[in-house]
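Report on the following structure.
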Amino acid sequence: MGQREETTLEKLMSRSCLSIILAAGQGTRMKSDLPKVLHPVGGLPMVVHVAECAKNTGTNDIAIVVGHGSEDVQQAVTLSGATATFHHQAEQLGTAHAVSAARDSIDKGYDDVLVLFGDTPLIEAETLLAARKELENGADICVVGFKPDDPTGYGRLLEDGDELVAIREHKDASPRELKVGFCNGGIMAFNGHMLGQLLDRIGNDNAKAEYYLTDAVEIARSLGLPRKAIEAPVDNVLGVNTRVELARAEAIWQERRRNHFLRAGVSMIAPETVYFHHDTQIEAGAELEPNIFFGPRVGVEKGAKIRAYSHIEGAHIGQNAEVGPFARLRPGAELSTGSKVGNFCEVKNASVGEGSKINHLTYIGDAKIGTNSNIGAGTITCNYDGANKHQTTIGDNVFVGSNSALVAPVTLEDNAYIGSGSVITANVPADALAISRAHQVTKEGLAKRLKEKVLALKEKRKNEKI
Ligand code: UD1
Ligand code: CA
């Protein structure tokens, strides 16, 4: 950041700021039981994205206006760790009416008040800071506009030269006004000391009989207050009203995340096929092959390699560890430095010590594996007895032969060796070999004689039919 920008930011930070997030709408077009603003993008509810963005712009306080599903919204926001006050809007009578629900917060007297929508999850701090900068420069209202491909349905920003004159809602616009392509993105910044007066003057004499926040612009004009519109990239103000738009928002968010990780030094040869969660943490120098899905709470350290088609959630992947292809790591999977979980393996609630390897076709659940142990193909920890989960403990340098079933609770101590195909039900002490399978019986020449016998029988049946 340049020196000049820094100074601006510092100046902005010395102004008090309230962000009001409107989140009372039902969102019927989502066809969902979940309140609209709780639908996730990158696994995080949309309204929480907006709250986090507000926080990153020097907002001191956040007020959220809730209505439909208010308890759920309140709970989700609180769980996310964001601090906000909640204001109830029982009936949705328009955006100005919604802002008025937070009137007690506004009346505390902030320099800047940002009004944001809870269903606009892709908003970025730079856009909000640019709007606040206009307030700092003397505007009493700054509207964040954008130029969509299709302006249908949006409020139009009517300008006279550089000056914003009015916002005309689509339904109230004249044919000439409908031709304007510069639209209201829904984000508005106000001089907090004037907002109350503006709200008091807003009526509902319009096509929708709603209290439009957008009317504040014309009112401000009549009072001689300076107004300004700025332009934001279309992606920033994408509003989500349907699941189609939700999927579009998700795609844009994923794209941003991929670029973030690429810039941070994570390698991906097909980033467009890798899906992140909002809390995914990956260090520079990690390598991701195509088609990987990250669920919640995953950390990946430098030098780790995740190979194609892996599904990973609640897992920690240590330095230089290797995962996949086709691996499934479930919550509680802890892979230490240089360990390996290979193809068609599932690991859940289990730690894999340094240098230990689980290379193929294995299920390890509720287990602790020490260092440099080798778990053969087809090994299963039988952790569930139909009612309870039990623990398997495997020490250092243990060798588990292929196709073994480890019936938990069970412990294999350091340097133990398990013969292939064993069903291990009792603890195995250090340096011991355990094998539990039927003895092999070998009969010389018997295969040949058996084959002759069955072929003779086949011939006999054929002759009987003729
Ligand atoms: C609004 C703007 C329009 C802009 C568009 C951008 C107004 C009058 N119009 O129109 O200029 O182009 O957004 O997407 O502001 N809400 C409440 N309580 C209410 C009404 C709305 O909480 O009583 C919330 C909704 O849940 C939603 C947001 O405010 O999150 C916007 O409301 P909505 O009715 O969708 O406004 P638009 O008609 O889309
Ligand atoms: Ca809308």
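Sequence positions, counted from 1, serve as the residue numbers for this chain. Because the structure is predicted, anything quoted here is derived from the model rather than measured.
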Indicate the atoms forming the closest heavy-atom contact of Ser80 with Val77, along with that distance.
OG-O, 2.6 Å
Check Gln391, Lys348, Lys389 against Asp366 for a side chain to side chain donor-acceptor pair (under 3.5 Å) and give me the one that passes.
Lys348
Donor-acceptor contact below 3.5 Å, side chain Asp215 vs main chain Ile219:
no
Minimal heavy-atom distance between Gly376 and Thr379, with the atoms involved, is O-OG1, 2.7 Å
Listed partners of Glu218 passing salt bridge (Lys or Arg N to Asp or Glu O under 4.0 Å), at least two apart:
Arg168
Considering all heavy atoms, the nearest Glu231-Phe146 contact
CG-CA, 4.3 Å
For Glu250 and Gln254, which I'm curious about, is there any donor-acceptor pair between the side chains at under 3.5 Å?
yes
Here's a test for you: under side chain to side chain contact (heavy atoms under 4.5 Å, CB included), which of Val144, Leu114, Val217, Thr95 qualifies with Met188?
Val217
Can you pull the ring-ring contact (aromatic ring centres under 6.0 Å, His included) pairs that have at least one residue in residues 353-390, sequence neighbours excluded?
none
Quick one: NZ on Lys368 to CD1 on Ile394, what's the gap to the nearest 0.5 Å?
11.0 Å
So for atom CZ, which belongs to Arg221, do other residues, nucleotides or ligands contribute more than 12 heavy atoms lying within a distance under 6.0 Å?
no
Hey, does the side chain of Asp111 reach the backbone of Ser16 with a donor-acceptor pair shorter than 3.5 angstrom?
yes
Could you tell me if the side chain of Lys36 sits less than 4.5 Å from the side chain of Gln26, heavy atoms only?
no
So, do Met46 and Val50 sit near enough that their side-chain heavy atoms are less than 4.5 Å apart?
no
Heavy atoms only: give me the nearest Ser70-His88 pair and the separation to one decimal.
OG-CE1, 3.3 Å
Tell me, with the steps shown, if His87 and Asp104 meet side chain to side chain contact (heavy atoms under 4.5 Å, CB included).
CA-CA 9 Å; His87 306 265; Asp104 53 345; 3.3 Å; yes
Phe86 atom CZ, over 12 foreign heavy atoms within 6.0 Å
yes
Heavy-atom neighbours of Asp149 CG exceed 12 at 6.0 Å
no
Might you point out which heavy atoms bring Leu135 and Ile141 nearest each other, and give the distance in Å?
CD2-N, 4.2 Å
Heavy-atom side-chain contact between Leu157 and Val180 under 4.5 Å
no
Asp61 and Thr85: CA distance, side-chain angles, deciding distance, side chain to side chain contact (heavy atoms under 4.5 Å, CB included) verdict
CA-CA 8 Å; Asp61 294 306; Thr85 55; over 6 Å; no
With heavy-atom distances below 4.5 Å as the criterion, would you say the side chains of Arg176 and Lys179 are in contact?
no
Where do Thr59 and Ser19 land on the side chain to side chain donor-acceptor pair (under 3.5 Å) test, with the steps shown first?
CA-CA 6 Å; Thr59 291; Ser19 285; 2.9 Å; yes
Less than 3.5 Å apart, any donor N or O on the side chain of His68 or Gln92 sitting next to an acceptor on the other?
yes
Test item: Leu122 and Asn236 side chains (from C-beta on) under 4.5 Å apart, heavy atoms
no
Crowded around Lys305 NZ? As in, over 12 foreign heavy atoms under 6.0 Å?
yes
In sequence, state the C-alpha distance, the side-chain angles, and the governing distance for Asn204 and Leu93, and then conclude on side chain to side chain contact (heavy atoms under 4.5 Å, CB included).
CA-CA 9 Å; Asn204 66 347; Leu93 302 179; over 6 Å; no
Among Arg15, Lys133, Lys11, find the residue that satisfies the salt bridge (charged side-chain N to carboxylate O under 4.0 Å, His left out) test when tested with Asp112.
Arg15
Provide the full list of salt bridge (Lys or Arg N to Asp or Glu O under 4.0 Å) pairs with a residue in residues 314-343, sequence neighbours left out, each pair given once.
Arg307-Glu322, Glu313-Arg328, Arg330-Glu346
Answer yes or no: is there a side-chain heavy-atom contact under 4.5 Å between Asn206 and Glu169?
no
Asp150 atom CG: more than 12 heavy-atom contacts under 6.0 Å
yes
With sequence neighbours excluded, residues passing side-chain hydrogen bond (donor to acceptor under 3.5 Å, both in side chains) with Ser222:
none
On a heavy-atom basis, the closest approach of Leu335 and Val341 is CD2-CG2, 3.7 Å
Determine, step by step, whether Leu199 and Ile106 satisfy the side chain to side chain contact (heavy atoms under 4.5 Å, CB included) criterion, reporting the C-alpha distance in whole Å, the side-chain angles of both residues, the deciding distance to 0.1 Å, and the verdict.
CA-CA 11 Å; Leu199 288 173; Ile106 296 167; 3.9 Å; yes
Side-chain donor-acceptor contacts of residues 269-281 below 3.5 Å, not counting sequence neighbours, with atom names and distances?
residue: Thr273; atom: OG1; partner: Ala270; partner atom: O; Å: 2.8
residue: Thr273; atom: OG1; partner: Asn291; partner atom: N; Å: 2.9
residue: Asp279; atom: OD1; partner: Arg297; partner atom: N; Å: 3.1
residue: Asp279; atom: OD2; partner: Arg297; partner atom: N; Å: 3.1
residue: Thr280; atom: OG1; partner: His277; partner atom: N; Å: 2.9
residue: Thr280; atom: OG1; partner: His277; partner atom: O; Å: 2.9

Is Phe294 close to Ile282 at the side-chain level, that is, under 4.5 Å between some pair of heavy atoms?
yes
Please identify each residue that fulfils side-chain hydrogen bond (donor to acceptor under 3.5 Å, both in side chains) with Lys357, with sequence neighbours left out.
none
